[in-house]
Protein chains: 2
Amino acid sequence: MTINEIAKLAGVSRATISRYLNDGYVSQDKRDKIKQIIEETGYTPSSYAQTLRSKKTNYIGVIIPKIDSDSIGRMVSGITSVLSKKNYQILLASTNNNASEELKYLRLFKENHVDGIILLGTIFTKEHIKTLASYQVPIVILGQNVKGYSCIYSDDYHAALSLGRKLSKTSTNPAMITVTSEDVAVGLNRRKGFIDAFKENGKTIHKKNIKEVAFSFDAAYEACKELISNDKTIDAIMCATDTIAAGAIKYLRETKLKVPEDIEVTGFGDSKLSLVSYPSITTVHFFYEDAGIKAASLVLDKINKKEKTSPNLGIQLEYNLVERESTKKLD
Amino acid sequence: MTINEIAKLAGVSRATISRYLNDGYVSQDKRDKIKQIIEETGYTPSSYAQTLRSKKTNYIGVIIPKIDSDSIGRMVSGITSVLSKKNYQILLASTNNNASEELKYLRLFKENHVDGIILLGTIFTKEHIKTLASYQVPIVILGQNVKGYSCIYSDDYHAALSLGRKLSKTSTNPAMITVTSEDVAVGLNRRKGFIDAFKENGKTIHKKNIKEVAFSFDAAYEACKELISNDKTIDAIMCATDTIAAGAIKYLRETKLKVPEDIEVTGFGDSKLSLVSYPSITTVHFFYEDAGIKAASLVLDKINKKEKTSPNLGIQLEYNLVERESTKKLD
DNA sequence: TTGTATGCGTTATCAT
DNA sequence: ATGATAACGCATACAA
């Protein structure tokens, strides 16, 4: 079914059909006739031909490091809710934590002429910046604060700071299980927050008590084992994510160490895990779904007023401290 | 940058460029020249124009009920891993558990001329079947067994049966928290398996001890409260998902009922939740990522040998019983 | 091996 | 208000 066949059936020119579909500048009787024909045939215009002419795809490219993650799932959920309402399609690309894949998809999106891109990244190399700079389509970065770009990010530093302040009141020999500092948001900023919080109270986190692991439950379990084996006096473990905290707690439970009586543990992200875990995990709530919503809205805004000069604003999201059972209550 | 400009720069006709990009029927010297020009300019062909001509989009439409779910995340993860390797793009549509949205996206995919569709559905209405029947592109259904279609599904009935058999040895007054039977895989089949297992041992699950809830932690918590309030002698609760089991356990813990000593609990799906929960949850492992991989491979197979008559095969996946702390150990 | 010409399904410009 | 007609960027049959 093409516009030509519809035109023939309706006894008008294809230009009229096109007008019916777009401007609407068509007489009532032709309009009725066309409507009927279209309904009968179930005709839908070819979006590819439309794109070829109008340069508008209604695609938004979304790049994520992996899909089976609580926080990412919630962000994508926010993105889809906004975009589907506005009749945009999502082109999803998952890199499986492989930074070079990110660049590949960035290029692929270029070929597909997406109207906009949402990049949910972890590590930003110079090459990233270079590739991004060569783009003309609106880009929003989610979860990291990269200067020169529109970003939606959470206040990881202060969130970690407030978590750290709480622990610093009770802990004298704290430890930390974190991720690579190349991940500025999760690795670097949270780490800094923890360290500074203890510094405020004149306490320090020993270098040897800081373990760097992958984003995984099992890796955290092993890291916790190493920490405890090396130093039995550790009385608090700050973890860069809830998953890591859950892995640590699993090990502690197995060795009969009591949480929080013997060791306090904190997570990050307020995932379902942190609620279900026993003891439930003290953590920080980030409004991930809201972040996804904001990112999608922002990218649509940029598309619509397509001034390339539209300011690249950064939006920092709120956070809430969520106190649960894995830390000691202070009167 | 279009093929015409490249042709001009390279001093050849655009047909030669096209051949360079496709068949490769080009002399060595022109080939070198073209290669150089393309690299200099960073030209990439318009996939829309290509599609308009060749009718091949390299898009696979993926419809899911929601993205922030452990099992779905794992399936999508499997899908992306296969598709990205084969240079297919994923058009992702999330329905937020709204069946009518599914039909909308099915139509949208038609407009976008996806090469294939993977439908990760929950409830199949007559309308679904009707809409699907009008499609010419390969479709693979993931997670449900719908006759007449290629499906990748897990053996929910027998998995529930083996879970039920285990419980039926120790429990005399079992209960169940499940979801709507309209969801054949999760609601109906698992329910049947549980019931039949007890029947084998001459025991029955009382109707009043069967609660139907949404796929949510909180709903499960409430349902468990109702069950226990109505009948203090319940000694086992079979749950249709791990999330539901986790919600139930949370309530039980709050009321000081011991799991598994006072009440045994089972989940379904072997999500991270089931491992992290305390007590950890006896459940069934499904190879979700593998299912995603199989679905993606199958849809690609169908696309390549595009005989419409390709048989619609159903692939039933294996499962493993995973015994953890939420059920009693038998000698 | 290469170029010419045509068409894919639209939209937009121009007459009428 | 409507209809020719050209153009979007590409692939391919055909001719050379």
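Order of the sequence lines sets the chain letters (A, B, ...), proteins ahead of strands, with each chain counted from 1.
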Between CZ of B:R53 and C1' of C:dA5 the distance, given in whole Å, is 11 Å
- Looking only at side chains, do A:D32 and A:Q28 share a donor and an acceptor under 3.5 Å apart? yes
Taking 4.0 angstrom as the limit, do A:K294 and A:D290 come out as a salt bridge? yes
Atom CD of A:Q28 and atom C1' of D:dT2 are separated, to the nearest Å, by 16 Å
Among the nucleotides D:dG9, D:dA4, C:dG3, whichever has the atom closest to the side chain of B:T2 is D:dG9
Against the side chain of B:T16, the closest entry in C:dT10, C:dT2, D:dC8 is C:dT2
Of the candidates D:dC8, D:dA6, D:dA11, the side chain of B:R14 sits closest to D:dA11
From CD1 of A:I17 across to P of D:dA4 the rounded distance in Å is 13 Å
Ion pair present between A:D70 and A:R74, side-chain N to carboxylate O less than 4.0 angstrom? yes
B:N4 atom CG is separated from C:dT4 atom P, nearest whole Å, by 12 Å
note: A:E5, atom CD; C:dG7, atom C1'; distance rounded to Å ~ 14 Å
Would you please confirm or rule out a distance under 4.0 Å between OP1 or OP2 of C:dT11 and any side-chain N or O of A:S18? yes
Worksheet entry | Residue-phosphate contact under 4.0 Å: A:K55 side-chain N/O, C:dT11 OP1/OP2 | no
Review point. Taking atom types as modelled, is there a side-chain donor on A:T122 or A:D183 under 3.5 Å from an acceptor on the other?
Key: no
Per nearest nucleotide of DNA chain C, the residue lying toward the 5' end, B:S27 or B:A49, is B:S27
#### Entry: B:Y20 side chain near D:dA11 phosphate (N/O to OP1/OP2, under 4.0 Å)
no
Of C:dC8, D:dT2, D:dC10, the nucleotide closest to the side chain of B:S46 is D:dC10
- Task: May I ask you to check whether over 12 heavy atoms, not counting those of A:K56, lie within 6.0 Å of atom NZ?
- Result: yes
Taken to the nearest whole Å, CZ/B:R19 to C1'/C:dT2 is 6 Å
query: OP1, OP2 of C:dG9 versus side-chain N and O of A:Q50: anything below 4.0 Å?
result: no
From CG of A:L52 across to P of D:dC10 the rounded distance in Å is 9 Å
A:I3 atom CD1 is separated from C:dC8 atom P, nearest whole Å, by 14 Å
